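I have a structure I would like to understand better, so I am pasting it below and will then ask my questions one at a time.
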Amino acid sequence: MDNILEVKDLTKKYDAFELKKVNFTVPKGMIVGFIGENGAGKTTTIKSILNLISMDSGSIKIFNSDIAKNKIKIKEEIGVVLDDSFLSDELTPQDIHKIMKYIYKNWDKNLYFESLERFQLPKDKMIKTFSSGMKMKLKIVTALSHHPKFLILDEPTSGLDPVARREILDLLQDFIQDEKHSILVSSHITSDLEHIADYVVFIHEGEILFQKNTDELLESYGIVKCGEEEFHTINKDDYLAYTKKKFSYEILVENKKAFQKKYDISIIDKPSLEDIMLFYIKGGK
Amino acid sequence: MNSIKGLLVKDFLLLKSYIRNIIICIGLFATIIFSDSSSDMSIVGVMMIMLLFSMLVLTTFSYDERQHADRYLLTLPISRKDMVIEKYILAVITLIMGVVIGTLISMGLTYFLLGKSPNLEEMFSATMGCMVAVVFLQAVQIPCIYKWGAEKGRMQIYIVGMIVFVIGILLSTFAPKLQLDFSVFNNYDFLIPVFFLILMALFYFVSYKLSNKIVNKKDF
């Protein structure tokens, strides 16, 4: 399978934080959800991918081409949505068209204005009068109006109400209908990604803990609830993490079928991405 | 080149609302002239309008900073170099706008409202001097903003500006002691504007090199 993005051994060191040999890929035609708690390194990784910050070591390839060497050509082909930055909110959507038509060779005026209409975004009002949901929709519409092949979004649903979040997820699913298109989307709202992501990359304290197929992950992982006595009979190598409740233990297992075979435990719950993330972050081993 | 055009369009669109303030200032200036018809305010007028225009570059930085627009712009097909070049082109355009609009308004007001003919020679030398000052100000401002940001960098701009100003004063104090002979220039008055133009180009060039270096190393 072709990879649209390949991040290899990406390292970046700050005083209080470090990306430790980050490795992951975005396969062609797929949505990859990039999850992790706030401060785990999602935004730093995305900034490195976009060449906004220098990396200490490693390599990043988009469309099989080194981003550091071919950034302008690559950026013609990608659309980017950042949580905390956009054009000044003193501008209007109409102004954005006037700017972007010079910046992107493939800027599609008709597509842009049609999308504005579709999402009921007024073209003559300043962005500062928009709600958070409207602003995010405008960012995505802008990122899509030059026919990119790869979309990178950093926390597109954070701070939005459920209706706006759903609309944005639908927008992403529309984009991925074309099998040549791919998406990397970071979020700490894992339930959003559960619906749309084909793969999940989990980053914790600057380290990638896994990259897995979402369905396989949710099917194979399981949460076992047991008492203290039972818990102590379980081999440490057979679970990933545990949390101690008031009167019981909960453990996260990677392969619930194998676990069920080995131990005589019949009830194993299906975890959500959030459960898995919390076990890794808060759980003990 | 197209990306530079796009950035210039962005900055001029941002400055649309600022034009209202400039109109108010010009209105105030006209009122001052009306109230005191005995003095010649035309030179002050040109200088004021030029200074007003020189602030435009700083204003665009402030607008952009509020939304971290630099970071976003670098996700588009725009190189860091083009981003810096655009600000200097904007600086030159606003300088020329300030000179042309300032001169026209001042001359117009002096001539039509006061019925006096403006002193062109005096106005020219004052404008030249003011242009050098404005270019110097911009040349200090732009790298400082790239280094520290438009809001945080205000104090640094003043400090760097003051340091360079003090060096200038010291040079002008000690230069006469070197007893250099400039009398040869007396017959070549036309060289003075050329010298000023070269000086302004030099300010911009050094400043651009510095900004480029800062931006290339910067994490956005």
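Being a predicted model, the structure only gives us computed values, none of them experimental. Note that these values count all heavy atoms, side chains included, but never hydrogens, waters or copies made by symmetry. Numbers restart at 1 for each chain; the letters A, B, ... are given by sequence-line order, proteins then strands.
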Inset, instruction - Might you confirm whether atom OH of A/Tyr14 has over 12 heavy atoms from other residues, nucleotides or ligands at distances under 6.0 Å? - result: yes
Inset, instruction - Would you please indicate yes or no on a ring centroid separation below 6.0 angstrom for A/His97 and A/Phe113? - result: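 For A/Phe113 and A/His97, the ring centres are under 6.0 Å apart.
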Inset, instruction - Determine the interplanar angle of the A/His181 and A/Phe175 rings, folded into 0 to 90°, and report it as parallel if under 30°, tilted if 30 to 60°, perpendicular if over 60°. - result: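 Ring orientation, 0 to 90° scale: parallel.
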Inset, instruction - Enter the distance from B/Phe12:CZ to B/Thr94:OG1 here, rounded to the nearest 0.5 Å. - result: 7.0 Å
Inset, instruction - Examine whether an atom of B/Ile4 lies under 4.5 Å from a heavy atom of chain A, and if so say whether it belongs to the side chain, the backbone or both; otherwise answer neither. - result: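 When you check distances to chain A, no heavy atom of B/Ile4 falls under 4.5 Å.
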Legend entry - A/Lys71 versus chain B, the contacting section by heavy-atom distance below 4.5 Å: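 No part of A/Lys71 comes within 4.5 Å of chain B.
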Inset, instruction - Measure distances from B/Arg71 to the heavy atoms of chain A and classify the residue's part below 4.5 Å as side chain, backbone, both or neither. - result: both
Inset, instruction - Identify which of A/Gly79, A/Ser54, A/Ala143 forms the greatest number of heavy-atom pairs closer than 4.5 Å to chain B. - result: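 Heavy-atom pairs under 4.5 Å are most numerous for A/Ser54.
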Inset, instruction - Give a yes/no verdict on a cation-pi contact between A/Lys128 and A/Phe130, requiring under 6.0 Å between NZ or CZ and the six-membered ring centre and an angle within 45° of the axis. - result: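 Because its charged atom misses either the 6.0 Å distance or the 45° angle limit, A/Lys128 does not stack over A/Phe130.
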Legend entry - Top contributor to chain A contacts, counting heavy-atom pairs under 4.5 Å, from B/Val9, B/Asp64, B/Leu76, B/Ile78: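 The candidate making the most pairs under 4.5 Å is B/Leu76.
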Legend entry - Residue among B/Ser3, B/Gly6, B/Pro77 with most heavy-atom pairs under 4.5 Å to chain A: B/Pro77
Legend entry - Most contacts with chain B, counted as non-hydrogen pairs under 4.5 angstrom, among A/Glu90, A/Lys101, A/His146: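 Looking at each option in turn, the highest pair count goes to A/Glu90.
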Legend entry - Pair A/Phe24 + A/Tyr199: ring centers closer than 6.0 Å: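 No; A/Tyr199 has its ring centre 6.0 Å or more from that of A/Phe24.
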Inset, instruction - Scan A/Asp174, A/Leu151, A/Leu111 and name whichever one has a side chain to side chain contact (heavy atoms under 4.5 Å, CB included) with A/Leu144. - result: A/Leu151
Legend entry - For chain B, the option from A/Glu77, A/Lys98, A/Lys73, A/Lys105 that forms the most heavy-atom pairs under 4.5 Å: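 Max contact count across the listed options: A/Lys98.
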Inset, instruction - Would you mind telling me which of A/Leu50, A/Ile127, A/Leu82, A/Ile96 has the largest number of heavy-atom pairs within less than 4.5 Å of chain B? - result: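 If we count pairs closer than 4.5 Å to chain B, A/Leu82 comes out on top.
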Inset, instruction - Compute both the distance and the angle, then confirm whether A/Lys135 meets the cation-pi test with A/Phe86: under 6.0 Å from the six-membered ring centre, within 45 degrees of the axis. - result: no
Inset, instruction - Using non-hydrogen atoms and a 4.5 Å limit, figure out which bit of A/Thr142 sits close to chain B: side chain, backbone, both or neither. - result: side chain
Legend entry - Portion of B/Lys218 that has a non-hydrogen atom of chain A nearer than 4.5 angstrom: backbone
